[in-house]
Asker: 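The following block contains the structure, expressed as C-alpha cells.
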Amino acid sequence: MLEYFVDLLNISLPILYLFTIFLYGLAFFLDEPFGLRNRTRFLVGTLIVHFIYLVSRTILTGHPPTTDVFEIMTVVAFTIGIAYIYIEMKTKVKETGMFILSLALMFQVVSAAFIKLQVQINPIIKSSLLGLHVVSAMLGYSALAISAVYGGLYLMMYHEIRTNRFGIVYRKLPDLKTLERLSFVSIVFGFIFLSIVILVGYVWLPKTIDDFSYSDPKLIITDIVWIIYFIALVSKKAMRWTGRTVIIVSMVGFVLTLVSMVAVNVFLPSFHNFR
Amino acid sequence: MLKLTAVSINHRTANVEAREKIYYTSEEIRGIAEKLKVVARESLVVSTCNRTELYFIPSSAPKTHDELYRLIREGKKLKDGELDVQFETFEGFDAVRHLFAVASGIDSLMLGDIQVLGQVKEAYNTGVELGMVGTLMHHICQVALKAGKRVKGETKISEGAVSVSYAAVELAEKIFGSLKGRTTMLIGAGETAELAAKDLKPKEISRLLIANRTLERAKNLAEQMGMGEAISLEEMRARLQEADIVISSVGGSDYVLTRDMVAAAMKGRESNPLLIIDIGVPRNVDPAVKKIPYVFLNDIDSLQLIVQNNMQMRRAEIVAVQRVLDEELNDFVKWYNSLEVGPTIKMLRDKIELIREEELKRYKSKIDGADARILDEVTRSLVNKILHEPMTNLKSAENGISVVDRVNTLKSLFGLAEESHQEKTNGKN
C-alpha cells in the first residue's frame, strides 16, 4: 500500500512542479491574476507533498533518500524549493520563481524517471557523520544551483540594459544589484556547505571505507569545484571583482558540478556509493 | 433612479488655458459652497490641473446641465462668453462610474496618474468640512477612494516611468537598486537634465556635481536644486570617476566624453557600474564607450523607448482597471437598491395594515370581544403569509429583473407614493 502511495507521489511531483512553474510563468509573462494570487500557495502545497514523499519513502526503504544519485536529486529539488521560498519571503521578489523552480523540476523529473526502491543498503549509511556529510552536500549543491540561476538572470538583465532592449526581462526582474547580491549570498552558503562536505569526508571516510582513495574521481572533482568557488570569493574581496566576473566564475563552477555529478555517478567507478 | 448629475470640464473638452481659468482652489470651493447648498441636497467639487467637476444631487427641482455649468462658471466670476468650452455630463450611475474612473487614474491626461486619488480625497474632505457632502455622496466618495486604492494595488496602471526624466531614474534604479548615497553628475544644465536631477533628488542621492561651460549657470542650478557643486568642464574629466550616474546634455559637435576618458575613469571605480545618459543632440558621448565593461550608455531614444513600453503596459492594464471599477459599481448599485427596498416594504405593509384595520372596524359592532380577537389574529396572520413571498422576492434580482424594476412595479400596482430621497438615505447607512 505504502509502495503504491510512494509511486503515486513520485509520478505526481513533476506534474505539481510543472503546474507551479506554469503559474509563476503566467504571472511573469501575462500578469494573469490567478497566477499572481496562487503561485506561492501552489509552491507551498507542492513542497508539502514533496516532504510527505520523502518521509514516506524513508519509512518504506528504512533509510533516508541519499543512497544514489537519483535519490539525491529529489532531495536537491526539495531543498531548492525550500531555499527559494525562503528567499521569496525574505526579499518579496517573486519574479525569479519560474527560473529557480525550473531547476528543481529538472532534478525532480530525472529523479522520478530513474529512481528505484532500494531496500538493501550498506550499514554505513546509518552513521551520523555521513548524515552531516550528505545533508551539507544537498544544501551546498542547492545553494550553488540557485546562485547559478540568479547569475544567469543577472547576465540576462546586464545584456538587456547594455543593448537598450528594455523588454520583459527589464520590466520584471529585480535590479542588477539585487540579482548580484542574491547570487553572491547563495555562493557563500554553497561554499560553506561544500567546505563541510569536504572536511567531514576527508576526516571520516578514510577511517570508515576500506577501499578509500584520494584519487577517486568524485573527490577530485569536488576539490576542483571548491577551488573554483574559493577563487571567486577571494577575488571578490582581494581583487575587488564585482558583478559579472564573479558570476561567470561561479557559473563555470556550477556547470562543472552538474557535469561531474552525472558523469562520476553514472560512468566512473567510485568507492563513493553506499548501496 | 439615482438623481446624481456630474458636469465635467476636463483635458478632453478644454485646453490648458481654459482649464486654468476654471480651476478651483479650496478657498474658491468655500466661496461657492453656500450657493450650492441652496440648490443641492448634496454636492462635490473636484478640481485639479486637468479637470473641474461638479457632482450634484438636487434638493428639489433638477437643474439642467447648462444651469450647472453656469453655476461652475459663476463661482469663478466668469462672464458669459468668457469661457466658451465644451463640457461632459454624466447622469445617475454613469456619474458614479465616472468618479470611480477619475479616482483610479484611467481618466487622467497621464494614464495611471496616482496623484489624482489624493486630489479626490482632498475634494471629499473639503466637501465634508463645508457640509456639502451628505449620506449618499459620502458613500459614493468612500467607494471611489476604495476603488482607486484597489486599482493602485491590484493593477499595474500606475507602474513604470512615463516621462523621459523619470525613465532615467527608473533605469538608474534597475542598475544600482537603491540610489541612496549615489553621486550624480550633470554635464550641461539643460532642461531635461535638470528635470532628471529633480526626480533623482528624492531618491536620496548624496552628491550632485554640475559641470557646465558657464560656471555661473551651474551655480544657479545648484542653488535652485538646494544641493550640488558647480564645476568646470575641465574639472569634470578629472572627477568623472566619482560619479555613478552621468547625465549629459550640452550643445556642440565634439564628444564631451570620449572612450579614453571613460576608460580612465573606470580604472578608479573598481568595476562599479557607471550609467551615462546622453540626452544631447548631437550626441555628447562617444558610442564606443558602450564597449567598456560595466558602463551603461543610454541616449534619449533609449529613454523614450522605456516610456513607450511603459505606456503600452499601462494601456494593457485598462481592462483590469475596468473590471475593478465594474465590481465596485455593482456593489454600489446593490447598496443603493437596498435603500429602495426597505421604505417600499414599509409603505406596502402600512397600506395593507390600514385596509385590514378599516375592514375590522366595519365588522366590530357585529362580533363580540373573543371573536374580534380571533378575527384580528386570523387577518394579521393572513396578511403576513400573503406578503411574505412577494417581500422576499422583492429583495432578489433574479430572472433578469432588477430590484429597482420590481420596486417600481410594486409601487405602481399598489399605488404607493413616491418616497422622498431623504427617507431613503435616512433608512439605511
Side-chain angles (χ1 to χ4, degrees), chain A residues 26-38 90-96 150 153-185 232 235-249, chain B residues 153-157 159-161 167 169-182 244 266-278 287 289-310 312-314 316-317 319-320 323-324 327:
Chain A
L26 275 182
F28 185 85
F29 290 111
L30 304 172
D31 289 320
E32 207 281 326
F34 184 77
L36 288 167
R37 274 199 309 272
N38 296 303
K90 197 87 179 157
T91 61
K92 310 282 178 218
V93 173
K94 295 188 174 192
E95 279 67 33
T96 57
Y150 280 124
L153 295 177
Y154 175 95
L155 294 179
M156 279 163 71
M157 184 71 154
Y158 181 88
H159 181 73
E160 186 104 343
I161 300 177
R162 293 258 296 179
T163 53
N164 295 351
R165 296 255 292 273
F166 311 119
I168 194 158
V169 169
Y170 174 81
R171 276 208 317 277
K172 294 290 183 135
L173 288 185
D175 57 86
L176 283 176
K177 201 78 191 163
T178 302
L179 289 170
E180 185 187 341
R181 186 168 52 85
L182 288 171
S183 179
F184 183 70
V185 170
S235 303
K236 183 175 167 67
K237 197 78 188 162
M239 293 164 70
R240 297 185 183 278
W241 282 3
T242 53
R244 222 161 54 104
T245 320
V246 176
I247 280 166
I248 289 171
V249 172
Chain B
E154 293 175 24
T155 73
K156 295 183 187 303
I157 193 76
E159 282 187 15
V169 177
E170 187 185 280
L171 185 57
E173 284 183 319
K174 277 288 180 188
I175 293 168
F176 299 106
S178 166
L179 300 183
K180 193 175 180 180
R182 297 281 171 186
D244 299 300
M266 286 306 285
K267 278 181 189 157
R269 289 184 58 77
E270 296 166 348
S271 304
N272 278 317
L274 171 63
L275 169 63
I276 302 173
I277 297 171
D278 181 2
V289 159
K290 214 172 202 175
K291 291 178 183 151
I292 303 169
Y294 300 108
V295 174
F296 297 90
L297 173 64
N298 298 89
D299 54 22
I300 191 81
D301 288 348
S302 314
L303 300 180
Q304 269 161 357
L305 183 62
I306 293 173
V307 169
Q308 269 173 28
N309 288 350
N310 287 338
Q312 204 176 335
M313 185 188 71
R314 285 189 181 199
E317 283 296 294
V319 178
R323 199 163 43 226
V324 172
E327 282 171 18

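A, B, ... follow the sequence lines: proteins, then strands. Residue 1 opens every chain. The shown structure was predicted, so the numbers you read here are calculated from the model rather than taken from an experiment.
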Asker: Could you tell me whether the side chain of B/K174 and the main chain of A/Y170 form a donor-acceptor pair under 3.5 Å?
Answerer: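 Judged by distance alone, yes, a pair lies under 3.5 Å.
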Asker: Please look at A/L36 and chain B and tell me whether the side chain, the backbone, both or neither of the residue comes under 4.5 angstrom of a heavy atom of that chain.
Answerer: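 No part of it gets close to chain B.
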Asker: Would you compute the distance between atom CD1 of A/I161 and atom CG of B/L275 and round it to the nearest 0.5 angstrom?
Answerer: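 Those atoms lie 8.5 Å apart.
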Asker: To check you understand the geometry: which heavy-atom pair defines the closest contact between B/Y294 and A/Y154, and what is its length?
Answerer: CE2-OH, 4.1 Å
Asker: At a heavy-atom separation under 4.5 Å, does B/E154 approach chain A through its side chain, its backbone, both, or neither?
Answerer: neither
Asker: So which part of B/N310 gets closer than 4.5 Å to some heavy atom of chain A, the side chain, the backbone, both or neither?
Answerer: side chain
Asker: Counting only non-hydrogen atoms closer than 4.5 Å, does B/R269 touch chain A with its backbone (N, CA, C, O), its side chain (CB onward), both, or neither?
Answerer: neither
Asker: Report, as yes or no, whether the 6.0 Å neighbourhood of atom NZ on A/K177 holds more than 12 heavy atoms from other residues, nucleotides or ligands.
Answerer: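 Atom NZ in A/K177 is not crowded, with 12 or fewer foreign heavy atoms closer than 6.0 Å.
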Asker: If you measure from CD on A/E180 to CD1 on B/I175, what distance do you get to the nearest 0.5 Å?
Answerer: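 Going from CD on A/E180 over to CD1 on B/I175, the span is 12.5 Å.
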Asker: Once you round to the nearest 0.5 Å, how far does CZ of A/R162 lie from CD1 of B/I292?
Answerer: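 The CD1 atom of B/I292 is 8.5 Å from CZ of A/R162, to the nearest 0.5 Å.
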Asker: Non-hydrogen atoms of chain B under 4.5 Å away: do they reach the side chain of A/R171, the backbone, both or neither?
Answerer: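 Interface part for A/R171: both.
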Asker: How far does OG1 of A/T178 sit from CZ of B/F176, to the nearest 0.5 angstrom?
Answerer: 13.0 Å
Asker: Between B/L171 and chain A, with a heavy-atom cut-off of 4.5 Å, which part of the residue counts as in contact: side chain, backbone, both or neither?
Answerer: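 Its backbone and side chain both get close to chain A.
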Asker: Do you know which of B/L297, B/D301, B/N298 has the most heavy-atom pairs with chain A at a distance under 4.5 angstrom?
Answerer: B/N298
Asker: Of the listed residues (B/A320, B/G160, B/P293), which shares the most heavy-atom pairs with chain A below a 4.5 Å separation?
Answerer: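 When all of B/A320, B/G160, B/P293 are compared, B/P293 has the most.
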Asker: Answer with side chain, backbone, both or neither: which region of B/L305 has an atom nearer than 4.5 Å to a non-hydrogen atom of chain A?
Answerer: side chain
Asker: What's the shortest heavy-atom distance between A/D31 and B/E317, and which atoms?
Answerer: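 Minimum heavy-atom contact is OD2-OE2, 4.5 Å.
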